[in-house]
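In the text below, chain A, chain B and the rest are named by the order of the sequence lines, each starting its count at 1.
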Amino acid sequence: MQMNGAQMVCEALIAEGVKTVFGYPGGAIMNVYDEIYKQNSFEHILTRHEQAAVHAADGYARATGEVGVAMVTSGPGFTNAVTGLATAYMDSIPMVVISGQVPLSLIGTDGFQEIDAVGISRPCTKHNYLVSDLADLPRIIKEAFHIASSGRPGPVLVDVPKDITAEYGEFVYPSDVNIPTYKPNCKGNDRQIKKAAEAIKAAKKPLLYVGGGAVLSDAYTYIRELAALGQIPAVETLMARGVMGAENPLLLGMLGMHGNYASNMAMSETDLVISLGARFDDRVTGKLSEFARYADIIHVDIDPANIGKLVDVDYPIVGDVTNVVKKLLEELKDINPENYASWRATLKRYDDLHPQAFRDSDEVIKPQWVIERIGQLVGEQAIITSDVGQHQMWAAQHYPFDRPRQWINSGGLGTMGFGFPAAIGAKRGVPEKTVINITGDGSILMNVQELVTAAEYQIPVINVILNNNYLGMVRQWQTFFYDKRYSETDLSFQPNFKALAEACGGLGYDVTTKEEFDAALKDAIEQNKVCFINVSVNRLENVLPMVPAGGALYNMLLDHKE
Amino acid sequence: MEIVRRVISVIVMNESSVLARVSGLFAGRGYNIDSLTVAPIPGSELSHITIVTYGNQKVIEQITKQLNKLIPTLKVIEHEEMVEKEMVLVKFPIESNLSDIQALSSAYNGGIVNVGIDMVITMVADEPVRIRHYIEAAQRYNPIEIVRGGVVAIER
């Protein structure tokens, strides 16, 4: 069928089953927007900033497991999208971003709104394309979706010059993909899996170390089964919250810099780490030479480059977590859970000694209380997104996550301003859930313009602002490590958050007591509109426990006395 | 860990920006490039990139894994049993002792390849360590310009 390149882009998106595109038009992408105008197969959500469009596509992908799609124009449209690409890249999120580019004849001439998009995005995409021939366009989009969603997922950029979208040609969408140089290995080597299973049976203190790959691979039922079969204790990374389920007696909690005591001690004393889709990030390991110092390591990862990158691995297994864990279950049928009874008892003692807890107060609202309260009031019904900082860590520590894809945050890149647009994407993808963005008074202002988007499209995202009038996490480091020199972290000068939300067509609540919080959240859910719940919380609250950067996991600050 | 020298061949799809992907990977992740050569593989849509790099074993392993991860990469060969050659062109002033230069160059399997009114150009192709020796020896004849070609290698 004859059509122009712009129409081909739309037809390809339709063929991929895309339901929602987040984007922002501009000169070089206008041909495509003209075709978007003429079609009814997918909806387009106009965010108010390109960065937000990409985060929204990202949130959509994380909540649904499908490929998120964003569209931006050339030049500044594209550069605004870079933070979104990098955020998705660091957390391995499947996403396709289509950017306009100046016409081929102008490339290299410093044309208006020209920037080298493939050059800039090379280190923050899984792959990228500049379309230089209309005949390649259908194949490239097909490949982009395939690459984004297979192997270790990630964002793919397709940069399309304006003359390509204007040109007419024959459209045949390929039915399958054949990239001879790209064949991810997902199966897992049987012999290695057998050896790993023997190691698990021989271990006295095994520990499941569950990472974001477990979420991406939808492996949670098998991982829970594996834990239950051997009664093997488990720790989760920030990215894996929800995989084991908060009520799971085998879950010790989150490990790492702000991990709980039992989790970090378990990692420090285990004799066999069973790593499932985790990548030994520095925020998880602390001082590498002290990390899991008594343990052999089984490392299951779909990306061979993750294996042996930071720690030496005894049982490397390249493969998809689901496939490998299924095979492990077969090999471990005769496992004896009693072998680990004393290990479990030790860890239980650690947890009793220093449980994940906080000192509540009647005078001020503790931010941790807010998180627990949201958990009590909406619990399983909610998807929680977050920005980056103290509120993110408190949410990860204290929210009772029941299932994967319930917790959406920027773990690898740590992008402030991620939470709100990601929540918009998540709500669009999973409308039946209550979507709550737990944010801070610093983060929310980076993409606050999305109030307008959420109001226009009636996307009822609840933003709970844990407002301490500080850039809290940086302030905490200044308290601990910079002798309380609070350089540029005092955010006492603030907008009127309630009025700001209202001015953009949403609802606002100012909360200074626990009763007011309950009432505000209840009202927000009932009113079903985008809102800010601005909660004044204890100003100098710290995230604890804390492993100082570069320290050993077993050296946690458990309390901070003024 | 001990720093080792490695010659790595990368077979890639011959498409635009593939060299930028490879060199960008080295720059972005802080790996060393001692030399890099690239040319199309005859009769195919592939290119052969030869990279000489230094690093400890962990770094070398990461380099090969990260190269493998690039979508246009077909194959990464960390050479062990290889034939490794490099070429060098040296320009000398015509006033130099031409018979000495000719003798020196033929000792390294090369010779004079071009002569102008005021200069003479030699070419030598040999193992990289012998190329280094040749360049050292050439210093006493006041070379005007030295152009090394970078290493190419083929597994035996």
Side-chain angles (χ1 to χ4, degrees), chain A residues 86 89 92 104 107-108 116-133 136 139-140 143-144 146-148 150-159 177-185 279-280 288 299 301-313 316 318, chain B residues 1-4 6 8-33 36 38-41 43-51 53 55-78:
Chain A
Y89 180 69
S92 308
L104 282 172
I107 287 181
D116 176 10
V118 288
I120 288 175
S121 64
R122 208 173 285 127
C124 59
T125 52
K126 184 174 172 186
H127 194 51
N128 59 19
Y129 295 90
L130 169 65
V131 183
S132 53
D133 185 344
D136 295 335
R139 172 186 59 80
I140 284 174
E143 287 182 3
H146 174 70
I147 290 169
S150 57
R152 180 182 182 177
V156 178
L157 176 84
V158 181
D159 197 35
V177 173
N178 180 24
I179 311 169
T181 56
Y182 175 70
K183 308 273 181 213
N185 175 10
R279 60 178 175 85
F280 300 81
L288 262 181
H299 191 172
D301 203 301
I302 200 158
D303 179 0
N306 272 346
I307 297 178
K309 179 173 67 179
L310 290 152
V311 299
D312 292 330
V313 172
V318 177
Chain B
M1 258 188 283
E2 190 197 354
I3 303 291
V4 293
R6 278 286 177 278
I8 297 170
S9 282
V10 196
I11 314 301
V12 295
M13 297 300 289
N14 184 11
E15 59 189 32
S16 66
S17 84
V18 66
L19 184 59
R21 290 184 204 282
V22 171
S23 60
L25 174 69
F26 276 74
R29 291 187 181 264
Y31 307 142
N32 299 309
I33 298 182
L36 185 154
V38 55
I41 297 175
S44 77
E45 292 176 328
L46 301 168
S47 282
H48 188 129
I49 300 175
T50 313
I51 301 168
T53 184
N56 65 40
Q57 202 45 55
K58 215 173 178 110
V59 168
I60 301 290
E61 188 185 321
Q62 268 299 303
I63 289 174
T64 58
K65 284 177 167 178
Q66 294 291 346
L67 285 168
N68 258 313
K69 246 174 98 168
L70 296 174
I71 305 289
T73 299
L74 184 67
K75 201 157 78 166
V76 180
I77 306 154
E78 195 185 326

Against chain A, work out which of Q66(B), E61(B), K69(B), E15(B) has the most heavy-atom pairs shorter than 4.5 Å and name it. K69(B)

So which of V118(A), N128(A), I147(A) has the largest heavy-atom pair count under 4.5 angstrom toward chain B? N128(A)

Checking I51(B), I49(B), T64(B), I11(B) against V76(B) for side-chain contact (heavy atoms from CB on, under 4.5 Å), the one that qualifies is T64(B)

Measure D303(A) against the heavy atoms of chain B and call it side chain, backbone, both or neither at under 4.5 Å.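 Contact with chain B: side chain only.
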
Give, as side chain, backbone, both or neither, the part of L130(A) having an atom under 4.5 angstrom from any heavy atom of chain B.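 When you check distances to chain B, no heavy atom of L130(A) falls under 4.5 Å.
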
Can a donor-acceptor pair be found between the side chains of K65(B) and N68(B) at a distance below 3.5 Å?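 No, N68(B) and K65(B) have no side-chain donor paired with an acceptor closer than 3.5 Å.
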
Is a side-chain N or O of S92(A) found less than 3.5 angstrom from the main chain of G154(A), in a donor-acceptor match?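 Checking the backbone N and O of G154(A) against the side chain of S92(A), no donor-acceptor pair under 3.5 Å is found.
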
Begin with the C-alpha distance, continue with both residues' side-chain angles, and end with the deciding distance and a verdict on side-chain contact (heavy atoms from CB on, under 4.5 Å) for I77(B) and V10(B). CA-CA 6 Å; I77(B) 306 154; V10(B) 196; over 6 Å; no

